[in-house]
There are 2 protein chains.
Amino acid sequence: MTQPSSTPLSYEQAGVQYDLIDPLKVAAQRAAAATGAHLAAHGFAELEASRGESAYVVDVGPFHIASIVECLGTKTLVADEMQELTGKSFFAGMAQDTIAMAVNDLVTVGATPLVVQAYWAAGGSAWFADAVRAGELVRGWKQACDTCKVAWGGGETPALAGIVEAGRIDLAAACTGLVNPKERLSLGEKLGPGDAIVLLASSGIHANGLSLARKLAGRLPQGYLTEVAPGLGYGEALLAPTTLYSPVTEALWAAGVRVHYAANITGHGWRKLLRHPRRLSYRIHTVPPVPPVLRFIQQQAGHDDAEAYGTLNMGAGFALYVAAADAERAVDVAQACGVPAWVAGVVEDGDKALHIEPLGVRFGGEALRLR
Amino acid sequence: MTQPSSTPLSYEQAGVQYDLIDPLKVAAQRAAAATGAHLAAHGFAELEASRGESAYVVDVGPFHIASIVECLGTKTLVADEMQELTGKSFFAGMAQDTIAMAVNDLVTVGATPLVVQAYWAAGGSAWFADAVRAGELVRGWKQACDTCKVAWGGGETPALAGIVEAGRIDLAAACTGLVNPKERLSLGEKLGPGDAIVLLASSGIHANGLSLARKLAGRLPQGYLTEVAPGLGYGEALLAPTTLYSPVTEALWAAGVRVHYAANITGHGWRKLLRHPRRLSYRIHTVPPVPPVLRFIQQQAGHDDAEAYGTLNMGAGFALYVAAADAERAVDVAQACGVPAWVAGVVEDGDKALHIEPLGVRFGGEALRLR
């Protein structure tokens, strides 16, 4: 295995400067919040607690409607490079990744995803001329819809020469679903001390941390073909499609497990476990096994556990907060869906903080600012 | 005024090659259609007639849910160039344009738009560092939401260096709404001979035909600063924000005017009037005044009326098909909303065709293939 580089690589060095995006985000969030009142003109109301959560929720009477739009990010750049290296298209996986970005966020609020819309903005009409790649994108999109039992409603396939780079594609998905019945809502009202934290396995890096992962590839003599485990190349491992968690959340409801709160572990890694605004402490006693590709990135980037777990999912792609009595059953339901799961920790009274005890890592409440 | 160039410019020459996109579209439409059956697992069903229409509609019991994602396209490239030329940001208008793309499509099916999600994918974090431009984007987005009485639910502001070009932004909007009550549905079941066609004024080019418009700018000695009417520059005229039609469709319902069918006149220009699959003939007797910028483009591109009306909106941004007895009232309602409108034609029995009689232009059923 390649030796770790002596120069650590931070997320900012990898090219994402959050301080430039954040003032806009704050202004946008403020303006957006002021528009919620328009729903009264139609006889409806927003669930204010959903602002700052992963999907926006509106009470329309018999049930709630949840909606979202999510971008895949730069994972396609890895697929493009791997296609050049191997001649193989990875776009079925890109499709699943994109749908996962939207669906896995939507289900955190307790919604059943119903409709997905495709947003495929290419850097020119020529992108679509690679029939194998385009066919894989369609096939993977359909397959992910089948897995999540959502209807693919339609979408956009613009050719945006001059905006999207030639040969590239910007993939995103919009998703609409229902919280039905309304008691499925999991915005955290029921979250409290004594709840168990159940972690669901990730399939790898999913689609967050790819800027860092790509930067590291450039440092490796064999690049994406470097082995991260026997027979498993770095590029191929990075491209493992993101796990779709909606089959698990649907099965949990069917099995009578009530989810008090849920967090999709994406950007900011495990700091996302601190997502709910309430003052609560989260103590992790069991840490899932780390996928080889994530351990490799941690080593190559020279990250300690705090930086790694604060940036990447490190093997846990989704967190469920349930009553302690439901925890083992939640694990069983997830595993029956083919998703490894662990009763990993407990919610406690105390200052807002996440303690990952087996690693001696602590994140305070200031570690995650999403609102 | 600049003399028309002697070399005509077609849409294909302007860089959009539909034959490369279309095979993918067909494959995607087929795969998408096969996923509609998943809704049965949740106790719901799609309205199959909405496939091929401007928004996808699902019957969820008490009402229908409509959803959509729409891209602005390349209009931002004009705004970028005009900002360089004038120092002024046009991104409040870009925001309205983007929301209009989604909302104007959504309302064609009879839906009230409820929630808009923002998709702002920049070519790097640096895009957001221009605080004036970013502020205008936020302000315009909020204002368009206010006009349409929709809640801005949230969105994505990814920095996609390597996918979106440096200094550029890819703008899109997702919109979810309700057809409520269900009899507001306007997928065309009630469309038939004797109906009147009411056209609503456009504000200019809206956001379709911009590839052509940009190409023409390169041919003009003064480029975007060329006057298209006294005191009105080409670039500024192109950037007139797209009219938002949802206040009109909401007011029509409130006034008791039942819309049988509606078409958002975007790409393919007036050929969109042929959108409904039924075998019907559309006879236009009154043609709205042509905005100076569109007349200018027609002249500069050397287009005859058939090519111009088959590509651009030529002053009509939205078409309503209503009972003849409701036509004048529809016009009054639209004008009370500040949108000029005309009783422009009639629906007749006969082979599928659009006759624009004052211009001697005819489009047959083969002129528009969206399904």
Side-chain angles (χ1 to χ4, degrees), chain A residues 15-17 20-21 24-25 27-28 31-32 35-36 38-39 41-42 46 56 58 60 62 65 67-71 73-74 76-77 112 114-115 117 119 121 125-126 128-129 134-135 138 142 145 149-165 168 170 172 174 176 178, chain B residues 15-17 20-21 24-25 27-28 31-32 35-36 38-39 41-42 46 56 58 60 62 65 67-71 73-74 76-77 112 114-115 117 119 121 125-126 128-129 134-135 138 142 145 149-165 168 170 172 174 176 178:
Chain A
V16 179
Q17 287 180 268
L20 291 182
I21 302 178
L24 171 78
K25 271 202 170 174
T35 64
H38 290 315
L39 294 167
H42 313 293
E46 70 172 17
Y56 182 63
V58 175
V60 293
I65 292 181
S67 61
I68 193 167
V69 67
E70 284 292 321
C71 174
T74 58
T76 52
L77 296 177
T112 301
L114 289 186
V115 178
Q117 302 279 353
Y119 183 76
S125 319
F128 302 106
V138 171
K142 161 86 164 50
C145 289
K149 292 197 169 54
V150 299
W152 177 1
E156 274 272 90
T157 54
L160 299 183
I163 295 177
V164 174
E165 296 205 5
R168 304 297 183 190
D170 176 16
T176 300
L178 294 186
Chain B
V16 179
Q17 287 181 267
L20 291 182
I21 304 177
L24 171 78
K25 270 202 172 176
T35 63
H38 290 316
L39 294 168
H42 312 293
E46 70 173 16
Y56 182 64
V58 175
V60 294
I65 292 182
S67 63
I68 193 168
V69 67
E70 284 292 321
C71 174
T74 58
T76 52
L77 295 177
T112 301
L114 289 186
V115 177
Q117 302 279 353
Y119 184 76
S125 320
F128 303 105
V138 170
K142 161 86 163 50
C145 289
K149 293 195 168 57
V150 299
W152 177 0
E156 273 272 271
T157 54
L160 298 183
I163 295 178
V164 174
E165 296 204 3
R168 305 297 184 189
D170 176 16
T176 301
L178 295 186

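Lettering of chains follows the sequences in order, A, B, ..., and the numbering in each one begins at 1.
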Practice task
Drop me the distance from A/Leu39's CG to B/Thr112's OG1, to the nearest 0.5 angstrom.
Solution key: 11.5 Å
Handout entry: A/Cys71 to B/Glu156 - nearest heavy-atom pair and separation
Key = N-OE1, 2.9 Å
Exercise for the section: Give the minimum heavy-atom separation between B/Trp152 and A/Thr35, together with the two atoms involved. Expected result: N-OG1, 2.7 Å
Fill in the blank from the handout: When the 4.5 angstrom heavy-atom criterion is applied to A/Val69 and chain B, the contacting part is both
Completion exercise
Highest number of heavy-atom pairs under 4.5 Å with chain A among B/Arg168, B/Lys142, B/Gln117 belongs to B/Gln117
Practice task
Check the pair B/Ile65, A/Val115 against side-chain contact (heavy atoms from CB on, under 4.5 Å), reporting the backbone distance first and the verdict last.
Solution key: CA-CA 10 Å; B/Ile65 292 182; A/Val115 178; over 6 Å; no
Problem - Residue, of A/Ser67, A/Gly73, A/Gly154, A/Ala174, that accumulates the most heavy atom pairs under 4.5 Å with chain B - result: A/Ser67
Handout entry: Residue B/Glu46 versus chain A: region with a heavy atom under 4.5 Å
Key = neither
Handout entry: Minimum heavy-atom distance between A/Val150 and B/His38, given as atom pair plus value
Key = O-CD2, 3.2 Å
Exercise for the section: Could you check which of A/Cys145, A/Gly155, A/Gly162 has the highest count of heavy-atom pairs closer than 4.5 Å to chain B? Expected result: A/Gly162
Handout entry: Value rounded to 0.5 Å, distance of OG1 in B/Thr176 from CD1 in A/Ile68
Key = 11.0 Å
Completion exercise
Closest non-hydrogen contact found for A/Gly36 with B/Ala151 is CA-CB, 4.2 Å
Handout entry: Shortest non-hydrogen contact between A/Ala27 and B/Val138, atoms and distance
Key = O-CG1, 3.8 Å
Problem - Option that, when pairs with chain A are counted at under 4.5 Å, heavy atom only, ranks first among B/Gly135, B/Ala41, B/Pro62 - result: B/Pro62
Exercise for the section: Against chain A, label B/Val164 side chain, backbone, both or neither, depending on which of its atoms sit under 4.5 Å from a heavy atom there. Expected result: both
Completion exercise
Value for CG (B/Leu160) from CG (A/Asp170), rounded to nearest 0.5 Å, stands at 5.5 Å
Practice task
Pick one of side chain, backbone, both or neither for A/Ala134, based on which atoms fall under 4.5 Å of a heavy atom in chain B.
Solution key: both
Practice task
Measure B/Ala121 against the heavy atoms of chain A and call it side chain, backbone, both or neither at under 4.5 Å.
Solution key: side chain
Problem - Region of B/Thr74 that comes under 4.5 Å of a non-hydrogen atom in chain A - result: both
